Amino acid sequence: MHDDLVLNLRTARFARLAQSEKDFAMANLSQKSMENLTSQIRGDVLTPSDPQYENSRTIWNAMIDRKPAVIVRCEGVADVMRSIAFAREQNLLLAVRGGAHNIAGNAICNDGLVIDLSQMNSVRIDPDKRRAYVEPGATLHDFDDEAQVFGLATPLGINSTTGVAGLTLGGGFGWLTRKYGLTVDNLVSAEIVTAEGKRVTANAENNPDLFWAIRGGGGNFGVVTQFEFQLHPVGPDVLSGLLVFSFDEAKSVLNEYQKFVDNSPEELNVWVVLRQAPPLPFLPTDVHGKEVVVLAVFYAGDIKEGKRLIEPLRSFGTLHGEHIGAMPYTAWQQAFDPLLTPGARNYWKSHNFTSLSDGLIDAAIYYAGKLPSPQCEVFIGLLGGQAARMAPDATAYPHRNAKFVMNVHARWETPDQDKNCIDWSRDFFNASAQYATGGVYVNFLNEGESDQLQAAYGKNQERLVQIKRKYDPNNLFRMNQNIAPS
Ligand SMILES: Cc1cc2nc3c(=O)[nH]c(=O)nc-3n(C[C@H](O)[C@H](O)[C@H](O)COP(=O)(O)OP(=O)(O)OC[C@H]3O[C@@H](n4cnc5c(N)ncnc54)[C@H](O)[C@@H]3O)c2cc1C
């Protein structure tokens, strides 16, 4: 009975494969090799004729429309190892999908094989040791949700649907970064399947070169199948929210902001957003759709003390409205999700700054005054604090001098707006380049910007190339901001 069932299931799987013969031909895959792969994989093996294929090839940025030959939805490390071996033997282009939020679309490729890790999303917390063991398909929300049950967290990004894997491998920063450093500064160890198909541990004692490289070097060195992070007491309630100011006073608000954050404690983080006001219930309706200056405020400490500390912010200009109070950390981590839903077209340009100079503030106000779509925005995140205490060569991520990171986020709905929106983002990027450090965050690079690697890695690039040569000499892992072995 059991054998019959197994046989029937296998036959159904292979019958589906037979429909895909044309698809395999495209990637030079034989029916036989696909049958072999399917019989070895515990998860789903999806090809273009599969009903789940379309959904599985769709990623956050709708600008990216790629069609892989095969998507393997891995259920465990064995599936990852077998998929890597298959891609290597069949000489297939290989992409790795974590949370699929990468703006450049590196989670997906044309014609090749995608290792889809989204099913491997468990998060286990050890509250006594203050450690999180995180599988590579987990989102920030999966992580925060599990850790917050124990009143713990580690620095992650500001949009809860982002993948832990890609964010960590590029560096990772968010509200807790000033107090506790970058996401990579909190990575203790990782399990990695290399191009050779071996599973290795990377931490301070084992393969320290690899451990250094994955803390900023992206997915260039192998597929991470587990991350171990250190955790810190946070929340469960934090003081957080938004102050929305008149755009007419943008210059003085930004000047006051800069003076304020120069002297604020590391528990406090305040980011700036220049955009058109969304229809938030705490704003008068006549402000909806108008340009505004938003200060997004977060305090990871005693609520009463936080209220005292943020009081001066209210005097920076004329307030259209505010919504600030104690709220669960996990709720604040999701606060920006409605503005960052998947499915829109997106293009980013970003700079790092050591200060917000007068010229930069003027340029920001000029370009924020001519947003080409209601969803475009200029985001200025505040780093520094613990993140700046590390040496630039302590991890592959080198931008320890970046006090501010600005993302010129063009976002729109339809292809006919592509040129307008992309031009706006590039024009502002070019106009503000003279005030920037010249460094760029690798996780904010678009498709086709591999020429920016020097800006992304600076003096760390040469060491990354050496480590790439050691762990992936044939460049199997090249669907990323690629560090070529030669
Ligand atoms: C809405 C939004 C908000 C964001 N906010 C922040 C923020 O606040 N702070 C911040 O630092 N960044 C932020 N980012 C940038 C984010 O860090 C990157 O987009 C990151 O690449 C997303 O990771 P992912 O796993 O979701 O993406 P994916 O597209 O799945 O993967 C990104 C890259 O990592 C590789 N990769 C993924 N998983 C693995 C793995 N297990 N092993 C090896 N390689 C792997 C992929 O091949 C790909 O090259 C944001 C992005 C978006 C879209």
Side-chain angles (χ1 to χ4, degrees), residues 59-64 66 74 77 80 84 93-109 114-118 120-121 134-143 155-177 182-184 190-195 202 213-214 216-227 269 271 296 333-334 336-344 346-348 350 375 377 379 381-383 387 397 399 402 405 407 409 411 441-447 472 476-483:
I59 62 170
W60 182 81
N61 185 5
M63 291 286 278
I64 310 293
R66 298 192 189 131
C74 298
V77 176
V80 173
I84 290 177
L93 182 59
L94 177 64
V96 181
R97 179 185 178 123
H101 272 47
N102 187 251
I103 186 82
N106 285 324
I108 215 92
C109 60
V114 174
I115 293 182
D116 178 349
L117 300 163
S118 57
M120 294 170 61
N121 62 355
V134 182
E135 279 195 314
T139 62
L140 307 196
H141 180 67
D142 297 330
F143 189 156
L156 296 170
I158 63 145
N159 163 237
S160 79
T161 57
T162 308
V164 172
L167 177 124
T168 303
L169 292 169
F173 50 74
W175 304 112
L176 290 170
T177 291
L182 291 168
T183 310
V184 282
E191 300 291 319
I192 304 173
V193 182
T194 62
I214 61 164
N220 273 283
F221 306 93
V223 179
V224 178
T225 52
Q226 183 177 269
F227 297 90
N269 206 337
W271 288 21
Q333 282 288 87
Q334 297 170 72
F336 287 88
D337 291 1
L339 297 176
L340 298 167
T341 49
N346 294 271
Y347 183 86
W348 293 354
S350 83
Q375 298 185 57
E377 61 188 7
F379 236 98
L382 176 66
L383 306 179
Y397 171 96
H399 311 293
V405 55
N407 194 14
H409 180 181
R411 183 176 161 94
Y441 179 36
V442 73
N443 273 349
F444 286 175
L445 289 176
N446 294 291
E447 185 182 11
D472 185 19
L476 181 68
F477 303 112
R478 59 184 180 278
M479 274 307 294
N480 39 48
Q481 299 300 344
N482 192 227
I483 297 160

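Bear in mind that the values here come from a model prediction, so they are computed numbers and not experimental data. Ligands are counted one by one from 1 in listed order, and the atoms in each one are counted from 1 as well.
For ligand 1, the polar-atom distance check finds an N/O of Gly163 within less than 3.5 Å of one of the ligand's N/O atoms. Polar contact with ligand 1: present for Ile158 (N/O pair, distance under 3.5 Å). Here's the thing with Trp60: none of its N/O atoms is less than 3.5 angstrom from an N/O atom of ligand 1. Checked by distance only, ligand 1 and Ala165 stay at 3.5 Å or farther apart across all their nitrogen or oxygen atoms. At under 3.5 Å, not a single nitrogen or oxygen of Ile103, backbone or side chain, sits near a nitrogen or oxygen of ligand 1. The N/O atoms of Asn102, backbone and side chain alike, include one that comes under 3.5 Å of an N/O atom in ligand 1. Taking only nitrogen or oxygen atoms, main chain and side chain alike, Gly174 does not reach within less than 3.5 Å of ligand 1. In terms of polar-atom proximity, defined here as any N/O pair under 3.5 Å, His101 does make such a contact with ligand 1.
Ligand 1 does not have Gly170 within reach: every non-hydrogen atom of the residue lies 4.0 Å or more from it. Residue contacts with ligand 1 include Trp348, since one of its heavy atoms falls under 4.0 Å from the ligand. Proximity of Gly222 to ligand 1 is established by a heavy-atom distance of less than 4.0 Å. The closest approach between Tyr441 and ligand 1 falls below 4.0 Å for a heavy atom of the residue.
The aromatic rings of Phe173 and Tyr441 are tilted relative to each other, their planes meeting at an angle between 30° and 60°. Under the 30°/60° scheme for interplanar angles, the aromatic rings of His101 and Trp60 are found to lie parallel.
Of all the atoms in ligand 1, the ones that sit under 4.0 Å from a non-hydrogen atom of Leu117 are 40 (C), 41 (N). Under a 4.0 Å criterion applied to the non-hydrogen atoms of Asn480, ligand 1 contributes the atoms 49 (O).
Only the side chain of Leu169 comes within contact range of ligand 1, with a heavy atom under 4.0 Å; no backbone atom does. With a heavy-atom cut-off of 4.0 Å, Met479 touches ligand 1 through its backbone alone.
Taking all heavy atoms of Cys109, Ala95, Gly219, Gly99 into account, the minimum distance to atom 25 (O) of ligand 1 is reached by Gly99.
Rounded to the nearest 0.5 angstrom, Asp472 CG and Arg478 CZ are separated by 9.0 Å.
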